[in-house]
Amino acid sequence: MPTARSAARIDRSSSPRGRSARAATGQAAGKPLVIVESPAKARTIAAMLGPDFVVESSVGHIRDLPRRAEEIPKAYKAESWARLGVDVENGFKPLYVVAPEKRQVVEKLARLVEEASEVYLATDEDREGESIAWHLMEVLHPRVPVKRMVFHEITPQAIQRAVQEWRELDRRLVDAQEARRILDRLYGYEVSPVLWKKVMPRLSAGRVQSVATRMIVERERARMRFQAAEWWDLQASLDPGEGEPRFEAQSVAVDGQALASGRDFGPEGTLAQGARVRVLEGPEARSLAEALVGRPFEVTQVQERPLRRSPAPPFITSTLQQEAARKLRFSAQRTMAVAQRLYEQGWITYMRTDSTTLSDEALAAARAQAAELYGPDHVPPAPRRYEKKVKNAQEAHEAIRPAGERFRTPEEAAASLSGDELRLYELIWKRTVASQMADATGTTAQVRLVGTPEAGRPAVELAASGSVITFPGFLRAYVEGSDDPEADLAEREVRLPRLAVGDVVRAEAVEARSHLTQPPARFTEASLVKALEEQGVGRPSTYASIIATILDRGYVWKKGSALVPTFTAFAVVGLLERYFADLVDYGFTAAMEDDLDGIASGEREALPWLTRFYFGAPKGQAAEEDGAGRISALGLRRLVAEHLAAIDAREINSIPIGEDPESGEPIVVRVGRYGPYLQRGEERASVPEDLPPDELTVERARELLAAPSGDRVLGEDPESGKPVLLRSGRFGPYVQLGGAEESGEKPKTASLLASMRPETLTLEDALALLALPRLVGVDPASGEEIWAHNGRFGPYLKRGSETRSLERDDQLLGIGLEEALALFAQPKTRRGRQPAAPLRELGEDPETGQPIVLRSGRFGPYVTDGTTNASLRRGDDPETVTLERAAELLAERRAAGPPARRSTRATKAAKATKATKVTKAAKTTRAAGSRGTGSTRRRASGE
DNA sequence: CAGTGAGCGAGCTTCCGCTTGACTT
């Protein structure tokens, strides 16, 4: 912290080549070192700067907050805030670490800095880039002059200019980045644990992913609310005569009253209130269609308008992903991977950008190419410049375009590129060239016609529209794709015959067409990226990974290209909306960006901003002043603590589906450990994994409850003739003798053994299971029976009130009396029975002299010296772990102290979890409906 | 989500944004 400002000071007196600095430090003559972010960029710039410069890359950020417990330095492990990586009690000071995979990069840079005459920090000119530059300074602390160098386009002129026009590091921009980073960490690492405790372990929440998930869930909810409605219209094929071609027209009004069409139905699928339209129904439509065939229609109106369309701006990351999805059917990830290869091979400019700006070089190249290929008349007199339209754009780069001062055409590219790369390059090339071409012009025509069936019946008004492009302009190079196929059709050129008011045409054929209103479409990767960008959520470098994250967490799955939310997502979004509404507000990021701009411009400071977010607004200060009302009133920390006590997990994990129309009982989906299941009173049924939530209607739920889909009939019990079913339950798969509907007696059930798989289970296996418990024999000493049971913890023997666990599944069916007696003869402890042989003996601990062995335990492999045990960590391989490593782990474990005295906080949390589980279990067995109160839970967890 | 009896090495999961690695034959 203290060195930040002074280290960032830049020696203005030194010449660009740093001669004076060398003299001052007495260093050998070296070359200036330029550090950029990307290796590919380093290569390009190195070529432009020539041999007098050394150019190297940082490969992105070099330091960050520790990601996992493993990355927290030992010295900080005991700190109360270590888990967050931010000392929230002391000015939100971040703990930065160099990630293991970045060590090599940092070492290399450090070597180069030592040899350099001066250092140019040439990372991107945005918050993140400025921050990377600052971290480089902090980590490398060069003893030679340091200059901040910036450029927004990679052309020889721009680079040369940037070398001359360097500036100082902007600490405020760095502060803004750091504030952003800390807020995201606090949000993610405070809220995710709430989900672990209330919904499922390993889930996550974050400023970006939670909003993305919420959008997808809200869309699904809208689909669930949607009521499909039917409407009809007429399509007439009209013959103008005199050899002119026929044309098509659609009904728009009957008897002077406008007819409803798709767009008159709102998002709920119902007609907007007060809509003055009439819904044409089937019988009337059919009767009209029939009666209109062969009838004359008179042209009542002809409207011609000039048509002008302009090209779309050049690609930025989000639009590239959208168009590659529409036109090439690429996923966001595939698009970015292909673009990365094109960029690295020098075909295109940088692919992670939010700027539509083209460099002068690019403007000239695009215009020259357009003129050459399509003629000078297809290029406007002045270059087109596109205004920034992206919310929170940082605009550190150019738009995505073909690289170089002369674009290589797709034909030229085909010599070296193929497949995905060629296709994406062609897309980028077309879009770039088209963006500098002239508008397309033409005319559109709207024609109205009126005709009547036989006398006494109402008049029917038809409409036809056509459009003619007279000058294609940019359309010759590129047409933007659309998510809406109907809109796409409408874009097509349609020619109408020359018509004038008063002309009469004849209806050759009239068809009555039925339409169903469609629910709002699910998000695709491309439309989600578009929606996120519109809200300013996420950055070009993260769009693809946001989708990967929500897929990975099990919030969303892909059905074709559609993103379908899971019921887990419903539970999580429901929790967040209800208890952390401000955090999942769609405007949260935009408000945050405004604040960060304030920090970057010096209007506000990061510390009070973070304090307010985390600890709440100072007393007396109106909390509603900023967007995050409730958060700022209480502060995130207290909010989380409060909610941990108050949130009823059972309620959060219940998603209401509706009421059973027969019994009036509510039907809910509950998110359980084994996935979602339906519940109606005491009845339960699994929800198929591939069932989209909007298809789980009350009717469908009733069907599933009537015949739980997970069930499989294995066969018939030869003795009783009853069916043997394979089912899935709370404790995993089990078999059942007899159907559930058999009145009165409870059907006999038995869990599968650990070694059995439901997919391959046979009737024989099932019958053997149902025959359990098995009488092994009678103890000759006491006369007591010995039974083999299959229990919660696996197979075991029971003699009176005594039990012994069995080692293997097959003993359950095969163990004899003698062997059983031998087991009972041994004491009950695991050690007494048959201590599993150690996996490996590692040798003697150099510190204590105790032998260390590697064992396999419940939680995986661990090492022990007989008194202290330590689990292997991530990255430790049981096959190859050394004595030294084992001794180190044990020493760490001993240093942490005995379990009772260690981290009171963690222990308390563990106890609380246990207590909660007990209450939960008790609650479940109690009559349904008597929900635990907050005070009960508090007592339980306060224990 | 069915219902069936232990005692015992805990420690970790998670955020958003920058950027590409890759120990061998």
Side-chain angles (χ1 to χ4, degrees), chain A residues 37-41 57-62 64-65 67-70 83-85 101-102 104-105 123-124 126-129 131-132 177 180-193 195-196 201-210 340 344 352 538-542 545-546 549 553 670 672-675 677-679 682-686 708 710 727-736 746-751 773 789-793 796 798 801-805 828-830 855 857-860 862-864 867-871 873-874 893 899 902 906 910 924-925:
Chain A
E37 281 167 57
S38 144
K41 197 174 182 178
S57 67
S58 72
V59 200
H61 274 290
I62 56 159
D64 192 11
L65 304 175
R67 282 178 297 221
R68 292 185 296 270
E70 188 195 353
R83 163 183 85 81
L84 297 170
E101 71 271 19
K102 279 291 159 60
Q104 278 198 326
V105 174
T123 49
D124 296 346
D126 56 17
R127 270 202 314 255
E128 299 296 330
S131 169
I132 291 172
Q177 189 278 343
R180 196 276 310 152
R181 180 68 189 91
I182 293 171
L183 179 134
D184 280 333
R185 169 52 65 91
L186 296 174
Y187 182 152
Y189 279 35
E190 287 288 10
V191 181
S192 297
L195 302 181
W196 304 342
R202 303 182 68 91
L203 295 179
S204 61
R207 173 173 58 81
V208 170
Q209 61 168 290
S210 294
Q340 174 87 29
E344 283 172 4
R352 290 184 274 263
R539 306 275 316 131
S541 63
T542 62
S545 63
I546 294 165
T549 298
R553 296 281 169 274
R670 303 200 50 206
R673 230 158 39 100
Y674 297 101
Y677 63 93
L678 279 164
Q679 186 162 13
E682 292 294 302
E683 293 170 276
R684 298 181 173 88
S686 285
R727 313 188 67 185
S728 170
R730 186 152 54 113
F731 311 119
Y734 67 101
V735 291
Q736 177 178 312
K746 223 183 266 179
K748 187 169 170 51
T749 63
S751 281
H789 291 262
N790 183 29
R792 199 149 46 118
F793 312 116
Y796 67 102
K798 191 172 167 100
S801 58
E802 262 193 294
T803 60
R804 290 288 185 282
S805 283
K828 187 162 191 156
T829 57
R830 167 177 300 210
R855 291 184 172 280
R858 285 181 296 151
F859 308 124
Y862 68 101
V863 289
T864 176
T867 48
T868 307
N869 305 310
S871 288
R873 301 276 174 77
R874 182 200 295 260
R893 190 68 189 73
R902 244 174 49 239
T924 321
T925 38

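Given the structure is predicted, the values throughout are model-derived calculations rather than measurements. Chain letters run A, B, ... following the sequence lines, proteins first, then strands; residues in each count from 1.
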Inset, instruction - Quickly work out the A:Leu195 CG to B:dC15 P distance and round it to whole Å. - result: 11 Å
Legend entry - Spacing of A:Lys102 atom NZ relative to B:dG17 atom P, expressed in whole Å: 16 Å
Inset, instruction - Identify, with sequence neighbours excluded, every residue that meets salt bridge (Lys or Arg N to Asp or Glu O under 4.0 Å) alongside A:Arg67. - result: A:Glu71, A:Glu101
Legend entry - Rounded interatomic separation in angstrom, taking CZ from A:Arg185 and C1' from B:dT14: 8 Å
Legend entry - Nearest listed nucleotide, side chain of A:Thr542, among B:dG17, B:dG5, B:dG21: B:dG17
Inset, instruction - May I ask you to evaluate whether A:Gln736 reaches the phosphate of B:dA2, defined as a side-chain N or O under 4.0 Å from OP1 or OP2? - result: no
Legend entry - Under 3.5 Å donor-acceptor pair, A:Arg180 side-chain atoms to B:dC16 base atoms: yes
Inset, instruction - Mind checking salt bridge (Lys or Arg N to Asp or Glu O under 4.0 Å) for A:Lys41 and listing every partner two or more places apart, or none if nothing turns up? - result: A:Asp124
Inset, instruction - Classify the nucleic acid contact of A:Arg67 as base, sugar-phosphate or nothing, counting any heavy atom under 4.0 Å across all strands shown. - result: base
Inset, instruction - Would you indicate what A:Asp64 reaches in the nucleic acid, counting non-hydrogen atoms under 4.0 angstrom: base, sugar-phosphate, or nothing? - result: base
Inset, instruction - Please determine if a side-chain N or O atom of A:Gln177 lies less than 4.0 Å away from the OP1 or OP2 oxygen of B:dG17. - result: no
Legend entry - A:Thr749 side-chain proximity, nearest of B:dC18, B:dG5, B:dA2: B:dA2
Inset, instruction - State which residues pass salt bridge (Lys or Arg N to Asp or Glu O under 4.0 Å) with A:Glu128; sequence neighbours excluded, sorted by chain then number. - result: A:Arg180
Inset, instruction - Taking only the side-chain nitrogens and oxygens of A:Ser686, find out if one of them lies under 4.0 Å from OP1 or OP2 of B:dC1. - result: no
Inset, instruction - Answer yes if the side chains of A:Gln209 and A:Ser204 hold a donor-acceptor pair under 3.5 Å, and no otherwise. - result: yes
Legend entry - Sugar-phosphate only, base, or nothing, as touched by A:Tyr187 at under 4.0 Å among non-hydrogen atoms: nothing
Legend entry - Short side-chain to backbone donor-acceptor contact, A:Arg670 and A:Leu678, under 3.5 Å: no
Inset, instruction - Output yes when A:Arg181 and A:Asp64 qualify as a salt bridge under the 4.0 Å nitrogen-oxygen rule, no when they do not. - result: yes
Inset, instruction - Answer yes if the side chains of A:Glu344 and A:Gln340 hold a donor-acceptor pair under 3.5 Å, and no otherwise. - result: yes
Legend entry - Gap between atoms CZ and C1', on A:Arg207 and B:dC15 respectively (whole Å): 9 Å
Legend entry - Sugar-phosphate only, base, or nothing, as touched by A:Glu128 at under 4.0 Å among non-hydrogen atoms: sugar-phosphate
Inset, instruction - Select base, sugar-phosphate, or nothing to describe what A:Arg539 touches, counting heavy atoms under 4.0 Å on all strands. - result: sugar-phosphate
Inset, instruction - Would you mind classifying the nucleic acid contact of A:Gly538 as base, sugar-phosphate or nothing, using non-hydrogen atoms under 4.0 angstrom? - result: sugar-phosphate
Inset, instruction - For B:dC15, take OP1 and OP2 only and decide whether either is under 4.0 Å from a side-chain N or O of A:Gln209. - result: yes
Inset, instruction - Could you state the atom-to-atom distance from CD1 of A:Ile546 to P of B:dC16 in whole Å? - result: 8 Å
Inset, instruction - State whether the distance check finds a donor on one side and an acceptor on the other, under 3.5 Å, for side chain A:Arg684 versus base B:dC1. - result: no
Inset, instruction - Assign A:Leu203 to base, sugar-phosphate, or nothing according to its heavy-atom contacts below 4.0 angstrom with the strands shown. - result: sugar-phosphate
Inset, instruction - For A:Trp196 and B:dT13, say yes or no: do the ring centres fall under 5.5 Å of each other while the ring planes differ by less than 30°? - result: yes
Inset, instruction - Taking atom types as modelled, find out whether A:Arg352 and A:Ser541 have a side-chain donor-acceptor pair closer than 3.5 angstrom. - result: no
Inset, instruction - Under 4.0 Å between any heavy atoms, over every strand shown, what does A:Pro773 touch: base, sugar-phosphate, or nothing? Just pick one. - result: nothing
Inset, instruction - Give the rounded distance in Å between these two atoms: CZ of A:Arg727 and P of B:dA2. - result: 8 Å
Inset, instruction - Confirm from the modelled atom types if A:Arg352 and B:dC18 form a donor-acceptor pair under 3.5 Å, side chain to base only. - result: no
Legend entry - Nearest-angstrom distance from the residue atom CZ of A:Arg855 to P of B:dC8: 14 Å
Legend entry - Intra- and interstrand pairs of DNA chain B - dot-bracket, Watson-Crick/G-U under 3.5 Å, | marks other strand: .........................
Legend entry - Phosphate contact (B:dC15 OP1 or OP2) by A:Ser204 side-chain N/O below 4.0 Å: yes
Inset, instruction - May I ask you to verify if any side-chain N or O of A:Arg202 is less than 4.0 angstrom from the OP1 or OP2 atom of B:dT14? - result: yes
Legend entry - Closest to the A:Arg181 side chain, choosing from B:dG17, B:dG5, B:dC15: B:dC15
Inset, instruction - Select from A:Ile132 and A:Ser192 the residue whose nearest nucleotide in DNA chain B is closer to the 5' end of that strand. - result: A:Ser192
Legend entry - B:dC15 phosphate, OP1 or OP2, under 4.0 Å from A:Arg553 side-chain N/O: yes
Inset, instruction - Could you pull out all residues at least two apart from A:Tyr796 that satisfy ring-ring contact (aromatic ring centres under 6.0 Å, His included)? - result: A:His789
Inset, instruction - Give A:Gly60 one of three labels, base, sugar-phosphate or nothing, depending on what nucleic acid heavy atoms sit under 4.0 Å from its own. - result: base
Legend entry - Rounded distance (Å) that lies between atom P of B:dC18 and atom CG of A:Asp126: 6 Å
Inset, instruction - Kindly write out the residues that satisfy side chain to side chain contact (heavy atoms under 4.5 Å, CB included) with A:Ser545, not counting sequence neighbours, or none if the list is empty. - result: A:Thr542
Legend entry - Residue whose nearest DNA chain B nucleotide is more 5′ - A:Thr549 or A:Ser38: A:Thr549
Inset, instruction - May I ask you to say what A:Gln340 touches in the nucleic acid, namely base, sugar-phosphate or nothing, with a heavy-atom cut-off under 4.0 Å? - result: sugar-phosphate
